[in-house]
Amino acid sequence: MALLSVQDLSIQYNSMAGPVYAVEHASFEMESGETVGIVGESACGKSTLGLGIIRSLSGGSITGGSVIFDGHNINDISDTEFDQKYRWKQISMMFQGAMSSLDPVYTIQEQFTEILQHHKFDGNTNDAISGAIAAVNLEESVLGRYPHELSGGMKQRVIVAMALLLNPRLVIADEPTTALDVLIQARIINMLKDLKSTGMSFLFITHDLALLSEIADKVGIMYGGQLVEFGTSENIYNNPQHPYTKKLLESVPRLHGSQPSYISGTPPNLLTPPTTCRFVDRCSEAMDKCQRDPPDLVTANGMVKCWLYE
């Protein structure tokens, strides 16, 4: 049985201009101990997908589908029950942007303690906090400091430690290395690899395909609110199916070989998304059929949403 099974999940935000169709009919599965990467351009819906799984949507709501965690549909339970049984205990999240995720008027110790108190932790608080700090290679002296007294890399490791505080089975990592230099990025990625070896599962959200290749077992490609391809890392990187996936890989700079290329055009407006293929206006392989009907998600070396494989 899969640890996490997302089935036909749709999420909308309400705006003054109307509903924003941020995620539409997304489906994928991940096993215990796996790392699944979700990648795509900005505003493609990948962060919303993670927030929907942990039920932390602000101004948005799940309008269809289900999220099955360890055999239980966690969409069918109340917010109170989810908070008591799942949030941070079973599923936690590293939110995007450590600079804005920490409260500037409380010390790191106070913020760790607040999490434990909110989730009614019944163990030794000091031991739990010390263990989380040690897991990310930080000295306990950071606990008495305020966020502004820490470097960017230290703040990011504090965010990681907070996500690990109650030993969850699944951690959703939303752009955990954004705005960090390459050395700190490598340190964070190596730390996540070490945690993965303990059996912890990660849903890794990023726009960086090169970085994702270091850690992901499976990769999902999102475009215009839809999951357009999903498969093993080996298949995605060595034998991509969807034209958008191919273009994404071609845009990654390489030390040797061809020059990177860019994808012309702009992503679709999710206020009024097209009823045809979302990528049709930017696709060099588009056919007449693509202009008329949306493709289904089919099995082709994984899963791909493209008429080329119907």
Using side-chain heavy atoms (C-beta onward) and a distance below 4.5 Å, is Arg55 in contact with Ile77?
yes

- Item | NZ/NE/NH1/NH2 to OD/OE distance under 4.0 Å, Asp70 and Arg169 | yes

Requested in this report: Give a yes or no on whether the backbone of Ala216 and the side-chain of Ser233 come within a donor-acceptor separation of less than 3.5 Å.
Outcome: yes

For Val280, the other hydrophobic cluster members (4.5 Å side-chain criterion, sorted by chain and number) are none

Strictly below 4.0 Å, N to O, side chains only: are Glu229 and Lys305 in salt-bridge contact? no

Can you confirm whether Asn238 is buried at CG, in the sense that more than 12 heavy atoms of other residues, nucleotides or ligands lie under 6.0 Å from that atom?
yes

- Query: Within a strict 4.5 Å, meaning less than it, do heavy atoms of the Ile54 and Gln90 side chains meet?
  - Reply: no

Q) Around Arg187, counting heavy atoms of other residues, nucleotides and ligands shown, do more than 12 lie under 6.0 Å from its CZ? A) no

dist Leu248:CG -> Ile221:CD1 (nearest 0.5 Å) comes out at 6.0 Å

With sequence neighbours left out, the residues meeting ring-ring contact (aromatic ring centres under 6.0 Å, His included) with Phe230 are Phe28

Those residues at least two apart in sequence (or on a different chain) that pass ring-ring contact (aromatic ring centres under 6.0 Å, His included) with Tyr244 are Tyr223, Phe279

Any side-chain donor paired with an acceptor under 3.5 Å for Ser5 and Glu29? yes

- Query: In this structure, are over 12 heavy atoms from other groups packed under 6.0 Å from Glu31 atom CD?
  - Reply: yes

Do Lys193 and Glu214 sit within salt-bridge range, that is, some charged N less than 4.0 Å from a carboxylate O? yes

Hey, mind stepping through Ile62 and Leu9 against side-chain contact (heavy atoms from CB on, under 4.5 Å) and telling me if it holds?
CA-CA 7 Å; Ile62 294 174; Leu9 187 67; 3.6 Å; yes

*Check whether the side chains of Asn235 and Thr232 place a donor and an acceptor atom closer than 3.5 Å, and report yes or no.*
yes

request  = Would you mind reporting whether Val39 and Lys46 have side-chain heavy atoms less than 4.5 Å apart?
outcome  = no

Cluster membership besides Tyr146, Ile/Leu/Val/Met/Phe/Trp/Tyr side chains within less than 4.5 angstrom, sorted by chain and number, is none

Check residues 14-26 and write down every donor-acceptor pair under 3.5 Å in which the side-chain atom is one partner and the other belongs to a residue at least two apart or another chain.
unit_1 : atom_1 : unit_2 : atom_2 : d
Ser15  : OG     : Ala17  : N      : 3.3
Ser15  : OG     : Gly18  : N      : 3.2
Ser15  : OG     : Gly18  : O      : 2.5
Glu24  : OE1    : Arg278 : NH2    : 2.3
His25  : ND1    : Asp8   : OD1    : 3.0

Excluding Leu308, membership of its hydrophobic cluster (Ile, Leu, Val, Met, Phe, Trp, Tyr; side-chain heavy atoms within less than 4.5 Å) reads Met287, Val298, Val304, Trp307, Tyr309

Are Asp79 and Arg87 within salt-bridge range, i.e. N to O under 4.0 Å?
no

- prompt: Does NZ belonging to Lys218 count more than 12 external heavy atoms closer than 6.0 Å?
  reply: yes

Is there a side-chain contact between Leu170 and Met30 in this structure, where contact means two heavy atoms from C-beta onward sitting under 4.5 Å apart? yes

